[in-house]
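To start, the structure under review is shown below, and the notes come after it.
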Amino acid sequence: MTEPIIRVEGLRKYYDTTGGFVDRLLGNEQLVKAVDGVDLELYEGETLGIVGESGCGKTSLGRAMLRLIEPTDGSVYYHGEDLTELSSRKLRAVRKDLQYIFQDPLSSLNPRMTVGDIVGEPLDIHGLASGAERNERIYELLDVVGLSPSHADRYPHEFSGGQRQRIGIARALAVDPEVIVCDEPVSALDVSVQAQILNLLEDLQEEFGLSYIFIAHDLSVVEHISDRVAVMYLGEIVETGTTEEVYQPPNHPYAEALLSAIPEPDPLWDGDQILLSGSVPSPLDPPSGCRFHSRCPKIIQPDGVDVDPSEWRSAMNFKHRIDDGSSVEAVVARTRDEDPAEVSRERLDTLVRSEFDLPDRLSDPDLETAFSEAIDAVHDDDLDAAADALADRFRSPCEAEPPDAIDVGGGHRIACHLQDEQYADERLRHADHAD
Amino acid sequence: MSTQRGRIQISGFDAERVSDLEDEQYDEQPRETRSRWQRAFRRFLRNRSAVVGVVVVTVMVLLAVFARPIELMGTVVQPFALAPYDPTTHQNLFGTGASSYEPPSREHWMGTDGASRDLFSRVLYGGRYSISIGFIVVAVTASFGLVYGGISGYYGGWTDELMMRIVDTIFAFPALILALVIIATLGGGYWQLVLAFSLFGWAGYARLIRGEVLKIKENEYVMAAKALGSSDRRVIFRHVLPNSMPPLLVLASLNIGTVVIGVAALGFLGLGMGTGTAEWGTMLDDTRETLIQGPDGQIPWWATVFPGLAIFLFVMSMNMIGDGINDALDAQETGVARGGEGE
Amino acid sequence: MTLLEVNDLTVEFYTEDGVVRAVDGLSYEIERGEKFGVVGESGAGKSVTALSLMRLIESPGRIVKGEIRFDGTDILELSESEVRDIRGNRIAMIFQDAQTALNPVYTVGEQIAEAMRHHLGYDDEEARTRAIELLDQVGIPEAELRYSDYPHEFSGGMQQRAVIAIALACDPDLLIADEPTTALDVTIEAKILKQIEALAEEFDTAIQLITHDLGVVAELCDRVMVMYAGQPVEKASVEQLFYDPKHPYTVGLMSSIPRIGDRRERLQTIPGTMPDLVEVPTGCSFHPRCPYAEEACRQTEPQLVDPDTGDVATDAAAERAAACLEYTGELTGGLDYEVTVEGDEQLPIGDEADD
């Protein structure tokens, strides 16, 4: 394979949200791990899509890559040169080749500058053109993105969303870049305008030989425009591969859930949507091991346990609730008729099972024993004891070890224990279950 | 029912075919382009009280300038004299022979003061001190505050921490007390007054601009400028500061009035210009005792009312202008229509 | 029986640039328990329509004409206090931005209970228990504890759930959901949509769903109305709309969305943008962007007609209607788009060829 234009190695971006300097002195540091050890390659002329839900760190990744925000750690090699090591003067010169398009076309255009000045600014900064030549170039750029030269004297507020995004694109093109990072360039736009901008980006790529990093949360858009795709979850990349590979099994369970959840514009479509339990954990304190384990429907069962995957998921949910909770009410909600802190041991048992969707008896006797002990403890309002009772049986290798990215063929990498030969049996279980 | 995605295919909706109809209709509509400032200016003009304020202030400034001739280094640069008398002439000795505290009359429209000087002339002329101090102080403090707040907000971190603690310290004292201390130390006089109000008066601007800069810094166009390779200086002067001007303008226009009041207050306390100067506050001070008990048991109301009215008119008008600017710049784009035309 | 009947609703806004007709001659009806979708891009007048139903149009806007019959009574004729009785009680609304829809200084539970105390006259204890139940029903774990949390302590998805709980608190007959999932991630969106659907079923609530997302419409709605520049351009059942669209704008919308599994190299777009409502184009307002536009389209404003018969179908009860001159025989070139559905020959709708 050819040398990538951009190679990202172990990139990290932590935000310090520590309250004040007193907390800092006391060592109460709170770090949001927005990007946590990302490796990526971008090859010439391709579009690399980065998808993930809000808060997964994809925007931070795009910005840290171009050093628009200072990365905490890691390297970004552009033609073999490490951007993170460059002096600010050299970096400014490199900016000519690496450009960025923003999500919100209005807030990324200075409201006090005319469109001509906005598009002309990069020309001034890098001394690329002046006087009549500068105007000529501005008109040319406006024409390229589908605006008329007469628009040059107007202000950003006089344009519609799509036109503003075109202005942003013209500005990025002014320096004749090699790579453009597009951060959600169409998510603020209407459906029909979104398609126009996507087509424009594709045309420009062909015409100027651009390489794109395309950051978006909309998987259908990413599928349409990308050659390769990286899926992010909580600051880490969980799957990378060509678009075909990523949009077909085998998948990381997160990517699989994400793909299944897209609403299909077809009223008679009846695909299975995987509904993930819980919400995205805080990046302040991401889960141990595999970061997705707290929501993963395919969380691995320990040696000696063999139950239905959904039962295991429910069991683990119960365990997490006990671990995080402080009282009985945290485990089972109070209703109009019943206060779980008051009910009998048997009633509590029923309530818990229905709350967590657990069967009347867990299918594994050892699990059932541990579960009953835990319920006893909950009934006595002793959640620590309940947690201890569960600690031994209710555990998964996914909680312990962070998975490595495993190549499943042709550069398609999945960071999931299920792809590890060690857990081949688990894969079979899910394959059986799917049938 | 199917579980396959992307089943529906639509063909034949060919955008290329959209005829030239569109171009005729939409492109090149001659349409006036207006900058934000121009739009704000239009809104300002529609605000009646603000326009009245502008008229009053302009008239007062012109009257002050043309009250008496101005000489600069021996040459007369402004020959007009709208004021009927020299504001320092004692009329009982050298003029019309009017005694002190003469009520308003044909000859002396606003009467005379305790030293039998013509009040009308003095009120006109007095604008020179109050108004010019107001404008100079605001120009000095606003510019310094702009730079100070700009640096503090843009660089942030420890720089910001330190610079803002200094501002906090200044804010710990009432502005008038600080000015009083300076005048008490340096003595009264025109430039002393300017210094007294400028030395600490910038703190408010600094704090305002810092907040504004912090807000603007979050705008993506600042990051966009960095992404293009702009230097810090360029980012600050082309992108950040121009966008923080509107609130600065509002504060400055309101502040002129405050300074004029402050000058008058010091004058009233006998701490402004030298006694007998035709400055509005000092004029009030000169006739202060008459407020309670005038000569011959009569209260010469004109001696205090007219200078007071001048202060009131000016400050009131400046406030109306300030509010007008505020409304003009703040007004959100109204309407549900988007400014969209054919792409 | 018809729950909501909107007849010839017209809303105007008076702006600096002139009069904007945000909604123009809109008629539709919603049956009890029905899920009705309103689709369009920004500026189509969807949200204004929704606010009109609650009579929440404020200056500079004004409802200039039309009637809104809710359960037989015209909302526009009611007094202010009678309307307040309906709002939040019989018609409830879910907003796009849950964060701003919740009041940050009250706890989430308090905001749910408030509506019930106000409209249903519950006492504090009743309202509290019912609020906790609702929180639990909309899928918020540890509902009891979460009752006393403030909105900022909720994640985006949970905030939207809380807003849904508030909307359902008084068991409304009609739920207006204005882009309820646009601000959410797909995995949460899927869950919320399922939830809305299940709750609507359980509470027997009719839904008016306002969205630009055709995927969401396909998933949730029974019938759909497509709006363009303040006017309805097509009304149909959801199957008809997706498998047999009649208005060129609908066709354009559907061809410009990228779909998973779609192998097209380029998207077919609708050129241009929604017109400025101050200066709506003459004739058919869509004609400047329409590939099938002819001279007639510039001259004549098309009415909603039955696409099969060409009969006028502007009344609220019309089930199937499209506003295109094609169906009154005034176009010479015809509409030559084609919709194909892979692998499914047996479509549940009468599928006649588009000529």
Side-chain angles (χ1 to χ4, degrees), chain A residues 52-56 160-163 190-196 198-199 202-203 217-225 247 254 257-269 273-276 278-280 282 295 317 321 325-327 329-337 339-340 355, chain C residues 41-43 126 129-130 132-133 135-136 141-145 155-158 184-191 193-194 212-219 221 238-239 241-243 252-262 264-274 289 341 344 347-348:
Chain A
E53 295 178 281
S54 52
C56 75
S160 66
Q163 289 172 314
D190 272 325
V191 185
S192 65
V193 179
Q194 177 176 324
Q196 293 167 5
L198 289 176
N199 284 344
E202 283 178 311
D203 294 344
H217 69 278
D218 185 331
L219 285 110
S220 8
V221 168
V222 169
E223 192 213 22
H224 177 78
I225 198 159
Y247 281 75
Y254 174 65
L258 212 53
L259 283 170
S260 79
I262 311 165
E264 175 71 16
D266 180 346
L268 293 182
W269 178 77
Q273 291 189 320
I274 301 171
L275 301 180
L276 295 176
S279 52
V280 186
S282 155
R295 303 170 73 198
N317 285 350
R321 190 78 69 81
S326 52
S327 71
E329 279 159 12
V331 182
V332 185
R334 184 157 80 164
T335 63
R336 204 186 303 202
D337 324 306
D339 183 349
E355 165 86 15
Chain C
E41 298 177 281
S42 44
E126 272 177 319
T129 4
R130 177 83 185 107
I132 293 173
E133 249 177 51
L135 280 173
D136 194 45
E142 304 163 58
E144 168 92 26
L145 292 179
S155 69
M158 292 218 292
L184 304 175
D185 288 316
V186 274
T187 54
I188 300 165
E189 175 175 56
K191 283 201 274 187
L193 286 178
K194 289 242 184 323
H212 68 278
D213 190 333
L214 291 170
V216 173
V217 172
E219 195 152 316
C221 298
V238 70
E239 287 86 8
L241 190 84
F242 279 84
Y243 298 128
L253 268 188
M254 292 216 275
S255 70
S256 56
I257 43 171
R259 295 164 192 258
I260 299 281
D262 176 5
R264 282 181 299 173
E265 271 302 304
R266 277 180 77 79
L267 298 167
Q268 289 173 322
T269 67
I270 310 175
T273 43
M274 180 91 66
R289 304 176 68 191
V341 182
D344 209 346
L347 283 177

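Each chain gets a letter, A, B and so on, in the order the sequences are listed, and its residues count up from 1. No hydrogens, no waters, no symmetry mates; every other heavy atom, side chains included, goes into these values.
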Taking every heavy atom of Glu41(C) against every heavy atom of Val191(A), the minimum-distance pair comes out as OE2-N, 3.7 Å
Requested in this report: Begin with the C-alpha distance, continue with both residues' side-chain angles, and end with the deciding distance and a verdict on side chain to side chain contact (heavy atoms under 4.5 Å, CB included) for Thr269(C) and Ser192(A).
Outcome: CA-CA 6 Å; Thr269(C) 67; Ser192(A) 65; 6.0 Å; no
Comparing Ile225(A), Leu219(A), Asp203(A) against chain C, the one with the most heavy-atom pairs below 4.5 Å turns out to be Asp203(A)
Among His212(C), Lys194(C), Met254(C), the residue with the most heavy-atom pairs under 4.5 Å to chain A is Lys194(C)
Quick check: does any side chain N or O of Glu223(A) sit under 3.5 Å from a backbone N or O of Gly261(C), one acting as donor and the other as acceptor?
yes
Tightest non-hydrogen contact, residues Ile262(A) and Ile260(C), listed as CD1-CD1, 3.5 Å
query: Between Gln196(A) and Gly272(C), is there a donor-acceptor pair closer than 3.5 Å when you use the side chain of the first and the backbone of the second?
result: yes
Mind running side chain to side chain contact (heavy atoms under 4.5 Å, CB included) on Arg295(A) and Thr187(C) for me, showing each step along the way? CA-CA 12 Å; Arg295(A) 303 170 73 198; Thr187(C) 54; 4.2 Å; yes
When every non-hydrogen atom of Val238(C) is compared with those of Pro267(A), the smallest separation belongs to O-CG, 3.7 Å
Distance col, row Arg259(C):CZ vs His224(A):NE2, nearest 0.5 angstrom, shows 13.0 Å
Handout entry: Side chain Gln273(A), main chain Ala190(C), donor-acceptor under 3.5 Å
Key = no
So, the part of Glu53(A) with a heavy atom under 4.5 Å from chain C: the answer is both
Of all heavy-atom pairs linking Ser256(C) and Ala195(A), the shortest is O-CB, 3.4 Å
Q.
Any side-chain to backbone donor/acceptor pair from Asp266(A) onto Phe242(C)? Under 3.5 Å, distance only.
A. no
By side chain to side chain contact (heavy atoms under 4.5 Å, CB included), His217(A) pairs with (sequence neighbours left out) Lys58(A), Glu184(A), Ser187(A)
In terms of heavy-atom pairs under 4.5 Å with chain C, the winner among Ser260(A), Gly55(A), Ala257(A), Ser54(A) is Ser54(A)
Applying a strict 4.5 Å limit to non-hydrogen atoms, the region of Leu198(A) in contact with chain C is side chain
What one should report as the nearest heavy-atom pair of Leu275(A) and Lys191(C) is CD2-CG, 3.7 Å
Sequence neighbours excluded, the answer for side-chain hydrogen bond (donor to acceptor under 3.5 Å, both in side chains) partners of Ser255(C) is none
query: Would you call Gln194(A) and Leu267(C) a side-chain contact if the rule is heavy atoms closer than 4.5 Å?
result: no
Comparing Ser282(A), Ala261(A), Gly52(A) against chain C, the one with the most heavy-atom pairs below 4.5 Å turns out to be Ala261(A)
The interface call for Ile274(A) against chain C, heavy-atom contacts under 4.5 Å, is neither
